[in-house]
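To start, the structure itself, in structure tokens.
Here, residue 1 is the first one in the sequence, and each next residue gets the next number. These numbers come from a predicted model, not from an experiment.
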Amino acid sequence: MDRIFFKISILGLFLGISQAAVTDAQVFDWWDAGIITPEEADEILLLLDEGNTGEACLLAEVYAQEPCEDAPPKKVKSPKQKEPKRPSLKPTGYLLVKARLDSSGNLESHREELHLSFYRYTLRLGSQRTLSYKNGDSEAHFGDFSTNELHSHIPLDTLWGTTLLYPIGNFRISASLDTSTIARAGLGYVFGKQASITATYWDARRERHDEFRSASLQADFGFGKASVWYQKDQDAPLAKIELRHRKRQSKNEPIAFAWSTTAYIHGDSIPAMARLSSTIRQSRLWGAQTVGFTAHEIYNTKFEFNTRIINPIHGDSVSTRLKATLQSGPEIFRGGFSATCIELRDDCEKSDWKGSVQSSFSDNWTAGTSARERYSRRDGPGPPRIETFLRYRDSPRNYAKLILVAPDARPSKRMQLQNEAHFAAGFLNLSVTTTFQKNVNKSLRPTRGSIAVKWLF
């Protein structure tokens, strides 16, 4: 099995799927570095396996306090390009296979999906089995439907049945029925191109199932989303807030300012159909706020300040973590520095300090190194974690990255080798991530690996 991992790793060095907002490799790195806990890593990886990159990105921003934006690229059309009068009858789609292996080579998780589109229909087979029909703003989904099909801001459980969405002018009427008689009705209104509001009611026509009776209100506007959801007999509603502002730098304004706020707020219980990560379920308040600025004319200097707040339901104290990050310098020699207060309620008894430098010494190659140290006022500084990386990128969608890590600043005692590669060309998208480790008692051996293959047709 070690040979299999080795072959996958060597292949990954020369190959490079399109990079998502957050990748398995980043989650593994945060896990190994102690930035996030194993439970938090599992939450993010599970969402990535399900294809819910938006919620995974949100968790990464709060847990790792790293910037993450899951925004799909905008399609650029030439002035002469016109919309087709009717969709093509030629079938197109892809086959996706994802797998993650543990250190013994056993299959830890896997996901297969067939996505087939023809005319106005889309068929998905795999972890979700759905037949969808879309014509303009009209939608119909048969089979499994969940967060994406219902356009829900708050993640939902998967249901089996039928859901419909039909526009009447600026109004949007929707209805859903599950085979277990869980029913949903929605009414929305669209304001212009960037704003909408939707009211939804849930019910279940079964005895002793009053807990399904709930109502929600969701607002979508230019700089964010906000939702509130209340279920019968709950002490407090469930609320989710995502606000973002990014001001573009103009000639008269040398500094571009940005901020974001993300939060979940709820009482002792949440609506039955909501599907939240375990840490969010166990927290009355869960979120983060980031403010920062970028001065492009001053060596593209960037500064960010992040505050993370988690208030457990079964706890009296609020956990607060603070992080400040500064980056500056030209591409040939760019430096960075960050300081993190692990826990504000302990008067920052423990803190992380990280310094880094990197150089894009050519159009394709980038190299860099960093050192991170955890300081304790009681025990003093700990051994620094040193990372050195080399990355080759020939396009935004094709790159390979190799990282050497000395967790205790002593490679002879303990060392890790991480490899991440993405390749997208023609009909094939490939993503490979592997991690190797060695110590004084054991030689270099694989500890985890993941691979995703996407065949387009």
**Request:** Measure from the ring center of Phe257 to the ring center of Phe293 and say whether it is less than 6.0 Å.
**Result:** no

**Request:** Enter the distance from Ile241:CD1 to Ser260:OG here, rounded to the nearest 0.5 Å.
**Result:** 13.0 Å

**Item:** Polar contact flag, side-chain donor to acceptor under 3.5 angstrom, Thr163-His141
**Value:** no

**Message:** Using 0.5 Å steps for rounding, measure from the NZ atom of Lys401 to the CG atom of Asn419.
**Reply:** 11.0 Å

**Asked** If we ignore angles and hydrogens, is there a donor and acceptor under 3.5 Å between the side chains of Glu139 and His151?
**Response** yes

**Asked** Would you find a donor on one side and an acceptor on the other, under 3.5 Å apart, between the side chain of Thr147 and the backbone of Leu156?
**Response** yes

**Message:** Closer than 3.5 angstrom, by distance alone: can the side chain of Arg184 be matched with the main-chain N or O of Asp203 as a donor-acceptor pair?
**Reply:** no

**Prompt:** Does the distance from a Lys or Arg side-chain N to an Asp or Glu carboxylate O, for Arg111 and Asp49, drop under 4.0 Å?
**Reply:** no

**Prompt:** Take atom CZ in Phe457; do more than 12 heavy atoms of anything else shown fall under 6.0 Å from it?
**Reply:** yes

**Complete:** CD (Glu40) and CG (Leu45) are apart, to the nearest 0.5 Å, by 12.0 Å

**Prompt:** Is it the case that Arg345 and Ser317 place a side-chain donor and acceptor less than 3.5 Å from each other?
**Reply:** yes

**Request:** Would you verify whether the NZ or CZ of Lys323 falls within 45 degrees of the ring axis of Phe305 while also being under 6.0 Å from that six-membered ring's centre?
**Result:** no

**Item:** Pair Glu39-Thr279, side-chain donor/acceptor within less than 3.5 Å
**Value:** no

**Asked** According to the interplanar angle, ranging from 0 to 90°, do the rings of Tyr133 and Tyr121 count as parallel (below 30°), tilted (30 to 60°) or perpendicular (above 60°)?
**Response** tilted

**Request:** Establish, yes or no, whether the cationic atom of Arg448 lies under 6.0 Å from the six-membered ring centre of Phe28 and within 45° of the ring axis.
**Result:** yes

**Message:** Could you tell me if Ser328 and Thr301 have a donor-acceptor pair between their side chains, going purely by distance under 3.5 Å?
**Reply:** yes

**Request:** Start with the C-alpha distance between Lys240 and Glu242, add both sets of side-chain angles, then the distance that settles salt bridge (charged side-chain N to carboxylate O under 4.0 Å, His left out), and finish with yes or no.
**Result:** CA-CA 7 Å; Lys240 180 183 179 182; Glu242 282 187 273; 3.7 Å; yes

**Asked** Quick one: do the Asp144 and Gln128 side chains pair a donor with an acceptor below 3.5 Å?
**Response** no

**Prompt:** To the nearest 0.5 Å, what is the distance between CG (Leu96) and CG (Asn429)?
**Reply:** 9.5 Å

**Request:** Would you sort out whether Arg244 and Glu61 count as a salt bridge (charged side-chain N to carboxylate O under 4.0 Å, His left out), showing the intermediate values?
**Result:** CA-CA 13 Å; Arg244 298 180 185 275; Glu61 284 191 323; 2.9 Å; yes

**Item:** From CA spacing to verdict: salt bridge (charged side-chain N to carboxylate O under 4.0 Å, His left out), Glu113, Arg129
**Value:** CA-CA 9 Å; Glu113 180 180 323; Arg129 295 164 295 173; over 6 Å; no

**Prompt:** Would you say the side chains of Ser319 and Glu343 form a donor-acceptor pair under 3.5 Å?
**Reply:** yes

**Message:** Could you tell me if Thr198 and Tyr189 have a donor-acceptor pair between their side chains, going purely by distance under 3.5 Å?
**Reply:** no

**Request:** Determine, stepwise, if the pair Trp353 / Ser351 fulfils side-chain hydrogen bond (donor to acceptor under 3.5 Å, both in side chains).
**Result:** CA-CA 7 Å; Trp353 302 83; Ser351 56; 2.9 Å; yes

**Prompt:** Using a distance-only test with no angle check, is there a side-chain donor-acceptor pair under 3.5 angstrom linking Ser180 and Asp178?
**Reply:** yes

**Asked** Rounded to the nearest 0.5 Å, how far apart are OG1 of Thr122 and CG of Leu116?
**Response** 8.0 Å

**Message:** Is the distance between the ring centroids of His245 and Phe223 under 6.0 Å?
**Reply:** no

**Asked** Is Asp268 paired with Arg284 through a side-chain N to carboxylate O contact shorter than 4.0 Å?
**Response** yes

**Prompt:** Do other residues, nucleotides or ligands put more than 12 heavy atoms under 6.0 Å from Asp363 CG?
**Reply:** no

**Asked** Just by distance, with hydrogens left out, do Ser360 and Thr366 show a side-chain donor and acceptor under 3.5 Å apart?
**Response** yes

**Request:** Decide whether Trp259 and Thr290 meet the rule of one side-chain donor and one side-chain acceptor closer than 3.5 Å.
**Result:** no

**Prompt:** Looking only at atom types and distance, does a side-chain atom of Ser88 sit under 3.5 Å from a main-chain N or O of Lys90, one as donor and one as acceptor?
**Reply:** yes

**Prompt:** Take atom CZ in Phe333; do more than 12 heavy atoms of anything else shown fall under 6.0 Å from it?
**Reply:** no

**Fill in**
dist Asp157:CG -> Met273:CE (nearest 0.5 Å) comes out at 4.5 Å

**Polar side chain donor-acceptor pair, Asn135 to Ser138, under 3.5 angstrom** = no

**Item:** Test item: side-chain donor near acceptor, Ser338 and Thr325, under 3.5 Å
**Value:** no

**Lys/Arg-Asp/Glu bridge criterion (N-O < 4.0 Å) met for Lys354, Glu387** = no

